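Indexing begins at 1, ligand by ligand and atom by atom, following the structure's order. These figures come from a predicted structure and were not determined experimentally. Quick note: residue numbers are just sequence positions, from 1.
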Amino acid sequence: MTDKIAQFIQKFPNVEQNKPLAPFTTLQVGGPADLYYALTDINETEDLLNTAKELKIPYFILGGGSNTVFHENGFRGLIIHVKAKTITVEEDRIIADAGALLSLVLQTARKNGLIGMEKFMGLPGTVGGAVRGNAGAFGIETKDVFEKALIYNEEKGIHEETAEYFNFKYRSSTVKARKGQDIVLQVTYKLQKGDPAAVMKENATVIASRLKKQPAGKNTGSFFKNPRPFDSAEGPAIHAGKLLDEAGCKGLSVGEIQVSDQHANWIMNQGNATQTQVIELMKAMQSRVKEKFGIDLEPEVQFVGETGPLTFN
Ligand SMILES: Cc1cc2nc3c(=O)[nH]c(=O)nc-3n(C[C@H](O)[C@H](O)[C@H](O)COP(=O)(O)OP(=O)(O)OC[C@H]3O[C@@H](n4cnc5c(N)ncnc54)[C@H](O)[C@@H]3O)c2cc1C
């Protein structure tokens with residue numbers, strides 16, 4: 001590995017070594033990455049990935065870190081931190097690089113009186129992370145304002161794809177299903193012209209509602225997906241938080257990770273929690289819900305082991 005790292009550094013002198021990952025995530029869990037590269041220019045993507053693949057260095061794409069839990073020993077490979085963040089407006093469209101924070105896209109929409117994304121107010125993370133997980137809030141999902149995106153994959157290089165390709169579903173997309181093979185580079189949102197004052201008012205309502213419901217501290221937002229996110233022909237929505245609450249999970253803890261007393265689907269890092277503790281707590285929560293309701297809860301967050309993503313479904 002040392003030899004490969006030396007070769008990588010020779011080609012990309014700006015790459016950093018032994019970079020602590022916890023500070024890049026909202027849960028603040030995780031050790032250092034062997035290699036860390038801040039991708040500020042999307043045109044570097046191809047060369048960067050080809051080099052990592054040629055040298056057989058595992059890589060992981062990181063956005064805002066609000067849905068990611070790294071291993072306490074860190075990552076034995078390359079973290080590509082998507083940092084390209086240019087945002088432009090063309091009539092009723094916003095074009096944002098994948099590393100732009102969603103909050104800044106919302107600010108741009110507000111300033112330009114563009115309507116459609118107000119309910120995302122307070123949703124952390126980047127444009128790329130939101131597309132991958134079809135992030136949503138208060139009945140609106142990314143798919144509702146998404147028009148197209150520039151993505152990179154090995155098959156086609158950097159190219160454009162429209163909504164059809166992404167096959168958006170609740171907290172899921174083709175990008176998620178292809179497990180790191182597609183990298184979102186730039187997204188075009190299609191909005192509507194409206195009244196900036198109305199956008200501002202809706203933003204304020206949403207943020208007030210979040211502040212009332214959301215526990216403050218180091219967390220990942222909702223930890224598990226809702227087993228039935230919306231009312232449907234199969235029956236009314238089933239929320240993970242309610243099941244976890246009724247299964248007595250509030251306050252449950254392993255080491256320094258604890259289920260919030262306020263919201264049973266939020267876990268809080270009370271100090272220096274580890275991924276191992278998070279997984280142990282997750283399993284305890286899952287087994288309580290399985291025992292009481294016969295329902296399998298699936299984590300919404302992405303765990304990353306020492307050499308790559310971990311799956312628990
Ligand atoms: C306080 C709080 C509140 C939250 N509220 C909500 C909410 O209301 N609704 C909701 O849906 N989520 C919510 N979340 C979860 C989280 O904010 C979203 O999932 C968010 O979209 C993740 O984006 P990110 O950039 O932080 O992703 P990261 O955590 O950086 O990455 C998550 C996954 O996306 C992949 N990824 C990141 N960028 C790219 C890219 N450019 N191309 C390809 N893959 C990429 C990563 O590899 C990883 O697998 C909340 C989280 C917190 C902490």
State whether the number of non-hydrogen atoms from other residues, nucleotides or ligands found under 6.0 Å of Glu154 atom CD is greater than 12.
-> no
Spatial distance of atom CZ (Arg76) from atom CG (Leu35) [nearest 0.5 Å] = 10.0 Å
Check each of Gln192, Lys190, Met117 against Val145 using the side-chain contact (heavy atoms from CB on, under 4.5 Å) test, and report the only one that passes.
-> Met117
Considering only non-hydrogen protein atoms, determine which one is nearest to atom 10 (C) of ligand 1 and report residue, atom name and distance to 0.1 Å.
-> Gly136 O, 3.4 Å
In the protein, what heavy atom is nearest to atom 22 (C) of ligand 1, and what distance, to one decimal place, separates them?
-> Ser66 OG, 3.4 Å
Checking heavy atoms under 4.0 Å, the part of Asp182 that sits near ligand 1 is backbone
Ligand 1 versus Phe120, non-hydrogen atoms closer than 4.0 Å: side chain, backbone, both, neither?
-> neither
Donor-acceptor pair, Lys176 side chain versus Arg171 backbone, under 3.5 Å?
-> yes
Report the distance from atom NE2 of His81 to atom OG1 of Thr126, rounding to the nearest 0.5 Å.
-> 7.5 Å
Return the residue, atom name and 0.1 Å-rounded distance of the protein heavy atom closest to atom 8 (O) of ligand 1.
-> Arg210 NH2, 2.8 Å
Would you say ligand 1 has an N or O under 3.5 Å from any N or O of Gly63?
-> yes
Under 6.0 Å from the CD atom of Glu280, do we count more than 12 heavy atoms belonging to anything else shown?
-> no
Side chain of Arg288, backbone of Gly248: donor and acceptor closer than 3.5 Å?
-> yes
Give the residue, atom name and distance (to 0.1 Å) of the protein heavy atom nearest atom 24 (P) of ligand 1.
-> Gly64 N, 3.4 Å
Donor-acceptor pair, Asn18 side chain versus Pro32 backbone, under 3.5 Å?
-> no
With heavy atoms and a 4.0 Å threshold, my read on which part of Leu123 contacts ligand 1 is side chain
Has ligand 1 got any nitrogen or oxygen that is less than 3.5 angstrom from a nitrogen or oxygen of Val82?
-> no
Atoms of ligand 1 less than 4.0 Å from Ala130 heavy atoms?
-> 21 (O)
Specify side chain, backbone, both or neither for Pro124, according to which of its non-hydrogen atoms lie closer than 4.0 Å to ligand 1.
-> both
Sequence neighbours excluded, every pair satisfying ring pair (Phe, Tyr, Trp, His ring centres under 6.0 Å) that has a member inside residues 243-274 | His263-Trp266
Residue that, paired with Leu78, satisfies side-chain contact (heavy atoms from CB on, under 4.5 Å) out of Ile57, Thr51, Ile61 | Ile57
Can you tell me which residue and heavy atom of the protein come closest to atom 38 (N) of ligand 1, and the distance to 0.1 Å?
-> Gly129 N, 3.5 Å
When rounded to the nearest 0.5 angstrom, what distance separates OG1 in Thr45 from CG in Asn50?
-> 10.5 Å
Number the atoms of ligand 1 from 1 as they appear, then name those within less than 4.0 Å of a heavy atom of Gln302, with their elements.
-> 49 (O)
Short N/O distance, under 3.5 Å, between Gly221 and ligand 1?
-> no
Give the residue and atom name of whichever protein heavy atom lies nearest to atom 48 (C) of ligand 1, and the separation in Å to one decimal.
-> Phe60 CZ, 3.6 Å
Report the part of Leu102 in contact with ligand 1, treating N, CA, C, O as backbone and CB onward as side chain, heavy atoms under 4.0 Å; options are side chain, backbone, both, neither.
-> neither
Using a strict 4.0 Å cut-off to heavy atoms of Thr26, name the atoms of ligand 1 that fall inside it.
-> 53 (C)
Taking both backbone and side-chain atoms of Ser222, is any N or O found less than 3.5 Å from an N or O belonging to ligand 1?
-> no
Please output the side-chain donor-acceptor pairs of residues 195-202 that fall under 3.5 Å, not counting sequence neighbours, one pair per line with the distance.
{"residue": "Asp195", "atom": "OD1", "partner": "Ala197", "partner atom": "N", "Å": "3.1"}
{"residue": "Glu202", "atom": "OE2", "partner": "Lys119", "partner atom": "NZ", "Å": "3.0"}

Per-residue contact class, Ile61 against ligand 1 - non-hydrogen pairs under 4.0 Å = both
Does a salt bridge link Lys83 with Asp97, judged by any charged N lying under 4.0 Å from a carboxylate O?
-> no
What residue and atom, counting heavy atoms only, is the protein's closest point to atom 31 (O) of ligand 1, and at what distance?
-> Thr68 OG1, 3.3 Å
May I ask you to list the atoms of ligand 1 that are less than 4.0 angstrom from any heavy atom of Gly65?
-> 24 (P), 26 (O), 28 (P), 29 (O), 30 (O)
From CD (Glu118) to CD1 (Ile140), nearest 0.5 Å | 8.0 Å
Can you check whether Thr220 has an N/O within less than 3.5 Å of an N/O in ligand 1?
-> no
Among protein heavy atoms, which sits nearest to atom 34 (O) of ligand 1, and what does the distance come to when rounded to 0.1 Å?
-> Arg132 CD, 3.2 Å
Under 3.5 Å: N/O of Thr126 near N/O of ligand 1 | yes
